[in-house]
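The figures that follow rest on heavy atoms only: side chains count, while hydrogens, waters and symmetry mates do not. Labels below follow one simple rule: chain letters A, B, ... track the order of the sequence lines, proteins then strands, and each chain is numbered from 1.
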Amino acid sequence: MNPSALAEWIGLSATLFCLYAFVQGRRRLGRRVAPVFGLLLFVGAVRYTTVALEWTFQPEPAWLDFYGEAFGVLWPAVWFYFVYALVCQRYETSLEQRRQQLEQALEELRRLQEREVEDGRLRAFGELAAGVVHDFNNRLTVMLSNSELLLATGGLDPDQTEAATQILAATEDAAATVARLREFYRASDELRPMEELELAPLLAECERLTRPKWESLAQATGAQIHFHTTVDGSPRIVGDRLDLLGALTNLVFNAVDALPRGGNITLRARGRDLYTVIEVIDDGVGMDEATRRRCLTPFFSTKGRSGTGLGLPLAQSFAERHGGRLEIESAPGGGTVARFVLPREFLARRMAPEPRELVAPEGLEVLLVDDNEHVRDVVAQTLISLGHRVTEADGARHGCERLLEGPVDVVILDRSMPDGSGDEVALQMKRLSPGVPIVMLTGFGDLMGAVGDQPPAVDAVIGKPASRATLQRTLAQVCDGQVRSSA
Amino acid sequence: MPAFEHAELLIALLGLGVLTFTLWQGPNLGAVPEFRWLRASLVALVVGWTASVLEGLAFETFLNFVQHASTAAAAVLLAVWCRRVLLAPDPEGA
């Protein structure tokens with residue numbers, strides 16, 4: 001056989017193999033390139049066939065020569081089209097990748113922006129809360145200390161005793177209410193005493209506490225709400241009982257609001273290997289996805305003016321403080337499941353340490369430095385009633401002078417005073433009398449505790465209002481065995 | 001007057017144009033899997049097309065063989081590319 005003819009038959013065979021491979025794997029070429037490559041192989045196959053026949057059957061027929069030349073010219077043109085399609089596909093792929101990157105960056109930016117706005121609102125609320133807490137606590141200090149003094153002094157008739165007791169209880173309730181504001185700035189790792197809680201009675205108590213809400217709704221609207229409490233096994237958590245009750249109550253109230261025509265609310269607790277799960281389930285109106293995603297944002301509410309938008313954020317805050325999470329599942333018309341998932345191991349570590357037995361001091365020389373006259377008076381009276389001697393100072397400069405005059409066993413110091421910061425005054429006092437413990441009594445006590453802020457020269461921080469017991473316990477802590485001047 | 005065939009001259013010029021475009025777009029085409037086989041196939045074709053033009057000037061028999069051998073080699077190189085790209089096992093095993 002003519003070598004040229006042989007070469008053309010080899011070329012045709014290879015091209016037929018290419019066609020086979022193309023049929024098998026054309027999807028890998030992409031939609032733009034595949035048809036062009038198919039055309040290239042077709043033109044090539046025709047060209048190889050005609051030329052091979054030309055060289056095999058000499059002299060070749062004229063029509064064969066014509067087809068050979070025609071497809072020979074088409075061939076480089078189709079090759080160009082093929083290379084061009086490859087380049088275009090490459091650009092398209094590159095553009096698509098960049099578009100996806102841009103979309104991701106945009107989404108990330110949007111998310112960061114939303115988070116920034118949310119953080120800003122929380123910061124503003126935190127600052128507002130801190131200011132309110134400080135001022136309110138100063139006033140509560142006066143109320144609490146005076147009512148405690150009244151009761152401690154004695155000589156009251158039964159009605160007066162009852163009235164003073166009620167004032168004391170109301171003041172403590174008010175202090176607890178104010179303290180709830182700190183949920184927004186309390187750090188998750190803040191150490192606070194926790195107790196082991198049996199969930200069955202706690203859920204029963206939650207049902208009892210919320211009963212007026214869902215029963216009154218039934219009476220007002222005729223809507224029947226059926227409440228079910230289910231406890232699988234005997235799950236327990238280590239936590240703050242009031243915190244958990246408050247969080248569950250909020251969730252149950254939300255469930256009631258989601259049932260305007262009645263329905264079922266299920267309060268369920270179960271223990272898993274590593275987690276304890278507590279769920280509040282309703283079969284009410286549910287939430288759409290957009291609402292579900294925003295429902296944990298502070299101040300976001302679908303209840304109009306009747307909602308504060310704080311219930312779910314507080315519940316989430318509770319879960320986070322316990323090392324867990326709050327999950328919300330919901331669908332329009334399909335009800336809502338609010339689920340606390342609390343890790344057991346974390347909770348076991350949070351058990352309150354055994355309190356050290358402290359010696360209650362008596363007869364201490366206390367230097368009390370506070371610019372608020374009412375607070376100073378009542379704290380001084382409380383300290384006196386506890387058996388201590390008190391020297392008062394109405395500001396930073398006056399406090400240092402009194403310290404130098406001595407003798408002083410312990411200093412109780414406000415943090416925010418017009419003529420000097422309590423932190424700086426404490427440092428100055430420590431330099432003057434290194435052995436004298438300093439207790440900071442401040443309306444910012446909760447906030448400082450939350451963020452672990454204890455000025456370096458300060459031995460203890462207590463928040464206002466401080467009860468007699470708190471004052472005495474703190475003095476015992478800082479002066480344990482170190483009473484110097486009392487005699 | 002050299003014995004050029006117009007069709008062959010046109011094919012060779014087109015082929016050189018394609019090769020130039022391919023080399024110019026090298027950085028983009030480098031992302032095409034196993035592109036070196038495609039490029040080799042195109043080069044072989046262009047060699048064949050050029051030989052078909054030059055055979056009218058000198059070494060007719062030799063250059064004619066080179067032309068047919070090059071086009072055959074181009075098809076074989078293209079087949080290698082197809083084997084390595086289109087018939088390669090799916091990396092994900094799908």
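With a threshold of 4.5 angstrom between heavy atoms, A/Val51 approaches chain B through side-chain atoms but not through N, CA, C or O. Heavy atoms closer than 4.5 Å to chain A are found in the side chain of B/Leu45, but not in its backbone. Interface residue A/Arg47: only side-chain heavy atoms are found under 4.5 Å from chain B. Contact annotation for A/Leu41: only side-chain heavy atoms (C-beta onward) come within less than 4.5 Å of a heavy atom of chain B. For a residue to count as touching a neighbouring chain, one of its non-hydrogen atoms must lie under 4.5 Å from one of that chain's; by this rule B/Val85 touches chain A with the backbone only.
Between B/Ala51 and B/Leu63 the shortest heavy-atom distance is CB-O, 3.6 Å. For the pair A/Ala85 and A/Arg32, the tightest heavy-atom approach, listed with the atom from each and the gap, is O-CD, 3.7 Å.
Counting heavy atoms from C-beta outward, A/Gln100 and A/Glu96 have side chains that approach closer than 4.5 Å. The closest side-chain heavy-atom distance from B/Gln25 to A/Tyr91 is below 4.5 Å. For the pair B/Leu14/B/Trp49, no side-chain contact is recorded, criterion being any heavy-atom separation below 4.5 Å from C-beta on. Two residues are said to be in side-chain contact when any heavy atoms from C-beta on lie closer than 4.5 Å; B/Arg39 and B/Leu29 fail this criterion.
Each of B/Val46, B/Leu42, B/Val76 has some count of heavy-atom pairs under 4.5 Å with chain A, and the biggest count is that of B/Leu42. When the candidates A/Ala21, A/Gly25, A/Gly11 are compared by the number of heavy-atom contacts under 4.5 Å with chain B, A/Ala21 comes out ahead. When each of B/Val18, B/Thr22, B/Leu10 is scored by its heavy-atom pairs under 4.5 Å with chain A, the top score falls to B/Val18. Most heavy-atom pairs under 4.5 Å with chain A, from the set B/Phe21, B/Phe35, B/Phe65, B/Trp81: that is B/Phe21. Heavy-atom pairs under 4.5 Å with chain B were tallied for A/Val73, A/Ile10, A/Thr93; the largest tally goes to A/Val73. With chain B as partner, the option from A/Tyr84, A/Phe80, A/Tyr20, A/Phe82 having the largest number of non-hydrogen pairs under 4.5 angstrom is A/Phe80.
Side-chain N/O atoms of A/Asp288 and A/Thr291 include a donor and acceptor closer than 3.5 Å. Side-chain contact annotation: A/Gln101 with A/Gln97, donor-acceptor N/O pair under 3.5 Å absent.
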